[in-house]
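Following: one structure in structure tokens, then a few remarks.
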Amino acid sequence: MDLASLSTPTKEHAAASGRPLVQIRGVSKQFANGTLAVRDVNLGLGTGEFVSLLGPSGCGKSTLLRMIAGLGSPSSGVIDWPTTGHDAGGRPERDLGFVFQDPTLMPWATALANVMMPLTLKGIRKGEAQDRAARMLALVGLKGFESSYPRELSGGMKMRVSIARGLVLKPKILLMDEPFAALDEITRHRLNDDLLELWWQEKFTAVFVTHSVFESVYLSKRIVVMAARPGRVMADLDVDAPYPRDELFRTSPEYAHLCRVVSGKLKEAIGS
Amino acid sequence: MTALETQPHSHASGTDSEARPVFATEPRVLGLPASAWPRILAPLVIGVMALGLWEFAVWWNAIPQYILPGPILIGQTLIADWGTLSSSLWITLKITFMALAAAVIVGVTLAVLFTQSKWLEMSLLPYAVILQVTPIVAIAPLIIIWAGDINLSLLICAWIVAFFPILSNTILGLNSADHNLINLFQLYGATRWQTMRYLKLPAALPYFLAGLKISGGLALIGAVVAEFVAGTGGSASGLAYRILEAGYQLKIPRVFAALIMISLSGIAIFLATSWISHLLLRRWHESALKREN
């Protein structure tokens with residue numbers, strides 16, 4: 001039986017995937033109240049990767065994600081975007097989408113108008129924005145719900161709208177902050193499957209913050225295990241299971257094995 | 001293999017859309033939702049009963065009409081004096097609506113400016129509060145002296161009373177836009193104007209409308225109170241002036257007729273602002289939705 005293995009990525013591996021999209025070097029973040037949220041994180045996020053940041057609450061994974069997005073800057077260290085252009089002020093033109101833990105939709109706007117929002121802000125013509133947003137909604141499986149208001153949608157559907165909004169500008173990287181944590185298991189499994197399919201089709205880099213071992217193993221090519229107080233990287237694991245992954249993978253012994261290994265690493269991280 | 005093994009199925013179909021919330025759709029009677037009728041009929045029945053009792057009490061005790069006229073006499077006066085009263089009503093309503101419009105324009109503009117600059121808010125908001133807490137009756141005479149024109153001073157008085165709820169509610173609304181959405185707008189490099197136009201103003205709409213509902217009634221009260229203060233010294237002939245005039249002449253049925261017109265105007269303004277609020281919020285805001293459990 002060909003068991004998928006977990007391995008710590010080597011220098012060669014990183015080199016093989018070319019220059020990383022985002023290079024995090026020696027990043028620490030201390031809040032004004034003195035809390036050291038993140039300590040000395042070094043991480044390269046390669047193009048087309050699916051990376052999960054896995055850790056207990058308080059390990060700084062969300063803080064790290066927000067810093068990658070440019071919401072809050074590191075206290076020390078740099079987050080570099082080697083392959084993207086920089087604006088006049090020297091800030092990288094981050095080409096990213098962000099999905100929050102809550103769907104964070106504008107309640108006064110229809111699903112279509114919510115997905116159109118990034119396009120509108122970029123000054124794209126209304127007609128074109130409508131077409132692109134409608135296509136994106138169809139892609140996340142919400143064809144026919146264009147004129148529904150967020151209140152009329154279920155939790156899972158709202159999250160789909162949120163993902164569509166994150167992807168509508170075709171960003172190079174999609175950052176997701178525990179997007180499915182509040183959903184029931186059946187809905188979460190479906191969204192996991194659909195997210196993987198989207199990632200496979202659209203070929204963006206995905207960074208996925210989660211505290212679920214099962215979710216991270218199912219989705220990721222690579223899992224970064226983090227520990228809390230202070231938040232730091234404990235392990236960087238490759239998940240060598242082939243895509244596409246589906247329900248069969250979820251019920252396979254190799255999946256169970258991988259989950260066991262990652263759980264062990266997470267326990268080490270919590271215990272440390 | 002375990003007994004638990006079943007056919008692998010990739011998707012449990014339709015879990016998402018079946019989890020959508022259910023909204024109530026009501027049967028309609030004579031164009032209104034069925035549940036609206038008790039809310040209209042119950043107070044109506046009470047009102048008719050009270051009027052009947054009033055008429056009876058006046059007749060039974062033979063109360064003279066210069067002390068308490070019965071509802072029928074008041075109704076007759078309303079019809080007989082309709083010419084004078086309706087033109088006075090028009091004057092009062094004109095001041096009310098102009099004051100309300102000014103309150104909306106100044107209130108919203110100041111609220112937007114205040115949320116753009118903390119300094120502006122810190123330095124000016126206390127004065128708005130002072131304006132609000134000072135009794136209008138006390139400063140109305142001064143305003144009448146300073147403004148010169150009586151209509152202008154009535155407008156200013158009504159505006160002072162009406163503008164504060166709009167200002168404070170709109171400020172609260174502009175500041176309560178979802179923090180993550182503000183972050184998201186930041187991520188997409190939204191300008192201040194875009195954030196205002198697409199995020200903060202829509203988020204403030206329910207708060208503004210709540211303020212408008214209060215201010216609508218206050219503008220009317222402000223207009224009437226100011227006219228009372230201006231009294232016979234003014235050339236205006238709004239409803240308050242008619243009440244004063246009729247009071248001096250002991251035409252008490254006419255006082256009541258004018259009073260009823262003011263009350264009905266207040267109710268109409270409240271209904272109109274509620275209706276506007278409902279129209280603007282019914283698709284999305286929690287307050288306008290009816291859920292079925």
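So you know, we letter chains A, B, ... as the sequences are listed, proteins then strands, and number each from 1.
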Heavy-atom distances under 4.5 Å only: say whether [X] touches chain B with side chain, backbone, both or neither.
X        : answer
A:Ser162 : neither
A:Thr120 : both
A:Leu169 : side chain
A:Phe98  : both
A:Arg165 : both

Taking side chain as everything from C-beta outward and backbone as N, CA, C, O, which of these in [X] sits under 4.5 Å from a heavy atom of chain A? Side chain, backbone, both or neither.
X        : value
B:Ala177 : neither
B:Leu199 : both
B:Asp178 : side chain

Check: Have A:Glu215 and A:Thr210 got a donor and an acceptor in their side chains that come within less than 3.5 Å?
Finding: yes
Notebook entry, point to check: Do A:Thr104 and A:Asp102 meet the criterion of a side-chain donor-acceptor pair at a distance under 3.5 Å?
Noted result: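 No pair is found: no donor N or O on one side chain lies under 3.5 Å from an acceptor on the other.
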Margin query: Return the CD1 to OG distance between B:Ile171 and B:Ser176, rounded to the nearest 0.5 Å.
Written below: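 One gets 11.5 Å once the value is rounded to the nearest 0.5 Å.
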Margin query: Does the structure place the NZ or CZ of A:Arg151 under 6.0 Å from the centre of the six-membered ring of A:Tyr149, at an angle of no more than 45° from the ring's axis?
Written below: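 Relative to the ring axis of A:Tyr149, which defines the angle, A:Arg151 lies outside at least one limit.
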Item checked: Parallel, tilted or perpendicular: ring planes of A:Phe180 versus A:Phe208, cut at 30 and 60 degrees -> tilted
Checklist line | A:Asp193/A:Arg250 salt bridge by N-O under 4.0 Å criterion | finding: yes
